[in-house]
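All ligand and atom numbering here is 1-based and tracks the order in the structure.
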Amino acid sequence: MNKTIFSSLKITLLSLLFIACTDLQKKNNKEIKPNIIVIYTDDLGYGDVSAYNKGALNTPNMDKLANGGIRFTNGYASSATCSPSRYALLTGTYPWRNSKAKILTGASLIIDTTEMTLPKMLKTVGYNTGIVGKWHLGLGLDKIDYNSNISPGPNQIGFDYSYIMADTQDRVPSVYIENGDVVNLDKNDPIEVNFKEKNDYGLPTGLKNPELTTMKWHHGHNSSIVNGIPRIGFMKGGKKARWSDIDMADHFLEKAQDYIKNNSDEPFFLYYALQQPHVPRTPHPRFEGKSGMGPRGDVILEADWCIGELYKTLEAEGILDNTLIIFSSDNGPVLNDGYYDDAVEKLGDHTPSGGLRGGKYSLFEAGAKVPFIAYWKGKINSAVSNKMISQIDLLNSISTIVSSNIKSSDGQDLSNLIMNNEGEGREELVLEATSRTAYRNGDWIMIPPYNGDAVAKFVNIELGNSLEFQLYNIKYDTKQENNLALKESEKLKEMISKFVKIRGSNFSNIKNLKLE
Ligand code: NG6
Ligand code: CA
C-alpha cells in the first residue's frame with residue numbers, strides 16, 4: 001500500500017517537474033524566439049505610405065511601424081508582379097529560376113512540396129505557422145476540385161493554418177479556403193471554375209450582361225459577375241460560399257487576430273497578406289469617400305486601419321515587444337488595372353510611385369522598389385536605412401534571428417541590418433518584371449534590350465522596354481531619366497558581365513550580343 005502511495009507521489013512529482021520544465025522551456029523559447037509577422041500588401045506603391053511620401057494620403061499605422069522601426073529606402077520585392085514576388089518571399093529563391101513563377105490564374109501549386117520555405121524553416125525551430133489572406137501561388141497538382149479538400153497548398157509547404165483566397169480578388173472562385181476546404185460550401189451546390197470557356201458557362205458575365213454590374217470593367221475582367229463585379233474567369237455554384245467584397249478586409253483581419261490570440265503563448269509566424277489596394281477596390285462603407293481619391297485611396301486607408309487593429313491585438317495579448325514585424329508590398333503601384341474606379345481621375349497630387357519611374361509590371365524602379373519596414377518594439381531602434389535589401393533575403397535573415405542554420409542560396413543574411421541597422425546591405429540584385437530581368441549593382445541599374453511596348457497600353461505604365469541597353473545611376477538620377485549606356489560603356493560592360501554570371505550565359509537577350 002505504502003509502496004503504491006509512494007510511487008504515485010513520485011509520478012506526481014515527476015509530472016510537476018516535467019510541466020515546470022516545459023513551461024520554463026516555453027518561456028525560454030519565447031525569450032529567444034520572437035513571433036514573426038510579415039504584413040504583405042498587394043500593389044502598394046513606394047509613395048503610398050506617408051512615412052515614405054508626405055502628401056495627400058495619410059497612413060498613420062503604417063507610419064508608426066516605419067518611424068518606430070527601420071524604414072528601408074532601398075527595399076525591393078523580387079518582382080514587379082504578385083506570384084513571382086510571393087514565391088521569392090516564401091522560398092528565398094529568385095522567381096526567374098522557376099518557369100512557373102508568373103502571374104497565375106487558376107494554376108496548380110508552383111512551390112514544390114519538397115522545397116524549403118520560410119514557414120518550414122520556422123517549424124524546424126518550434127514555430128506554429130499561419131497564413132491569412134491572398135495566396136496566389138497555385139493550388140493542387142492538376143485541375144483543382146473546390147468541392148473536396150484541396151491539396152497541395154499552403155498547408156503542404158509549411159503552414160499549420162491557412163485561411164486564404166486562392167488567387168486574387170478579381171479572379172474566381174470568389175470564396176475563402178480554410179486549410180484546403182472552401183468555407184461554407186454547400187455540397188448540393190458544387191463549385192465549378194473555368195478560365196477558358198467563353199460561351200454560356202455559369203454566372204452571367206460582364207461581357208453579356210453589363211447591366212448586372214455595379215463596377216464597370218475597363219480591360220479584361222469581363223467574365224462571371226459576383227456581387228456586381230465582373231471577374232477574370234467563369235464560375236458556377238458555391239452561392240453560399242461566396243465572399244462579401246466589402247467585408248473582405250474585416251474578415252481577413254478577424255482571422256489574423258484569431259490566429260494571434262490562439263497562438264500567443266508559443267512562438268508563431270503569421271503571414272498576413274492583405275488584398276488591398278489590388279483591384280477590385282471595394283472599401284467597406286466605413287472607408288468610402290474617406291481619402292478623397294476614390295476607392296484606391298479608400299482601401300489604402302482601410303488597410304492602414306487593419307494594421308492598426310492588428311497592432312492593438314498584439315498589445316492586448318501582451319506580445320508586442322516580443323514580435324518582429326516586417327511590412328512590405330508584393331509589387332509597385334498601378335492605377336487603372338482593369339476597372340473604371342476613379343483611380344486615375346481622382347488621384348490629385350498623390351504620387352503612388354513616390355516619384356520613381358514606372359509602376360507595377362515595370363523594370364523601372366517603381367516596379368519592385370516598395371515600402372519595406374522592420375519593426376520590433378524595444379528591440380529595433382528607429383532608423384532610416386538606404387542599404388539595399390530584398391524580400392528574398394527574409395528567409396536567411398529571419399533564419400539567423402531564430403537561430404536556424406537553414407539558408408537559401410539566392411538570399412543573403414541581412415539579420416544584422418534588420419536588427420541593428422549595422423553592416424552592409426546587398427551589393428547586387430536581379431530585378432524581375434513579367435519574365436524580363438534587369439540588374440542592379442551599387443547605385444547602377446542596367447536594363448537589357450527588350451522588344452515590346454514601351455508603355456503598357458491600358459494600365460499606362462512605362463515597362464522598361466527599349467531596343468537599346470539602358471544604364472542609370474540612381475544616386476544622381478532617382479527618376480531614371482538619363483540613360484548612360486553610351487557614355488559609360490565600360491560600366492555597361494562590367495554590369496552585363498556581372499549580370500550574366502548570375503542570370504546564366506544562355507540568357508537570350510545577352511547571348512548574341514557584340515559589345516564594342
Ligand atoms: C492581370 C490582370 C490584372 C491583375 C494582374 C495580377 C487583366 C487584364 N489584368 O492579368 O488586373 O489581376 O493580372 O496582379 O486581366 S498581381 O498583383 O496579382 O500580380
Ligand atoms: Ca500584386
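- Residues Y46 and D48 have side chains that never bring a donor and an acceptor to within less than 3.5 angstrom of each other.
- E288 contributes no side-chain N or O that, together with a main-chain N or O of D298, makes up a donor-acceptor pair within less than 3.5 Å.
- Residue-level proximity to ligand 1 for I103 is carried by the side chain, the only part with a heavy atom below 4.0 angstrom.
- Atoms of ligand 1 lying under 4.0 Å from any heavy atom of D42, numbered from 1 in the order shown and given with element: 17 (O).
- For F458, the ring pair (Phe, Tyr, Trp, His ring centres under 6.0 Å) partners are H218, H219, not counting sequence neighbours.
- In this model, no donor atom of one side chain and acceptor atom of the other lie less than 3.5 Å apart for R281 and Y339.
- With a cut-off of 3.0 Å, the protein N/O/S atoms near the Ca ion (ligand 2) add up to 5.
- At a heavy-atom cutoff of 4.0 Å, ligand 1 is contacted by the side chain of K134 but not by its backbone.
- For ligand 1, the atoms closer than 4.0 angstrom to any heavy atom of T168 are 18 (O).
- Atom 17 (O) of ligand 1 has its closest protein heavy atom at K360 NZ, 2.9 Å.
- Scored by the side chain to side chain donor-acceptor pair (under 3.5 Å) test, S148 finds D145 as partners (sequence neighbours excluded).
- Interface atoms of ligand 1 facing Y361, defined by a heavy-atom separation under 4.0 Å, are 1 (C), 3 (C), 4 (C), 5 (C).
- C82 counts as a contact of ligand 1, since one of its heavy atoms falls under 4.0 Å from the ligand.
- No side-chain N or O of Q276 forms a donor-acceptor pair with one of D42 less than 3.5 Å apart.
- Of the protein's non-hydrogen atoms, I232 CD1, 3.3 Å is the one closest to atom 15 (O) of ligand 1.
- Taking a 4.0 Å cut-off on heavy atoms, Y339 fails to register as neighbouring ligand 1.
- H219 CD2, 3.5 Å is the protein heavy atom nearest to atom 8 (C) of ligand 1.
- Atom 9 (N) of ligand 1 has as its closest protein heavy atom H221 CE1, 3.8 Å.
- With a heavy-atom cut-off of 4.0 Å, D43 touches ligand 1 through its side chain alone.
- At the shortest separation from atom 1 (C) of ligand 1 among protein heavy atoms lies R171 NH2, 3.8 Å.
- Residue contacts with ligand 1 for N331 involve side-chain atoms from C-beta outward but no N, CA, C or O (heavy atoms, distance under 4.0 Å).
- In this structure, R86 forms no cation-pi arrangement with W135, as its terminal cationic atom is not both closer than 6.0 Å to the ring centre and no more than 45° off the ring axis.
- Between the side chain of T81 and the backbone N or O of Y361, no donor-acceptor pair lies under 3.5 Å.
- A cation-pi arrangement, defined by a distance under 6.0 Å to the six-membered ring centre and an angle within 45 degrees of its axis, is absent between K387 and F72.
- Taking the salt bridge (Lys or Arg N to Asp or Glu O under 4.0 Å) definition, one finds that D250 meets it with R286, sequence neighbours left out.
- Residue-ligand proximity, H136 to ligand 1, at heavy-atom distances under 4.0 Å covers atoms 18 (O).
- Listed by number with element, the atoms of ligand 1 under 4.0 Å from a non-hydrogen atom of H278 are 4 (C), 6 (C), 12 (O), 14 (O), 16 (S), 17 (O), 18 (O).
- Salt bridge status for E462 with R357: present, with a side-chain N to carboxylate O gap under 4.0 Å.
- Using bins of under 30°, 30° to 60° and over 60° for the plane-to-plane angle, the ring pair H251/Y176 lands in the parallel bin.
- Between Q169 and T282, the side chains place a donor N or O and an acceptor N or O closer than 3.5 Å (distance only, hydrogens not considered).
- With a 6.0 Å cutoff to the six-membered ring centre and a 45° limit on the axis angle, R71 counts as a cation-pi contact of Y52.
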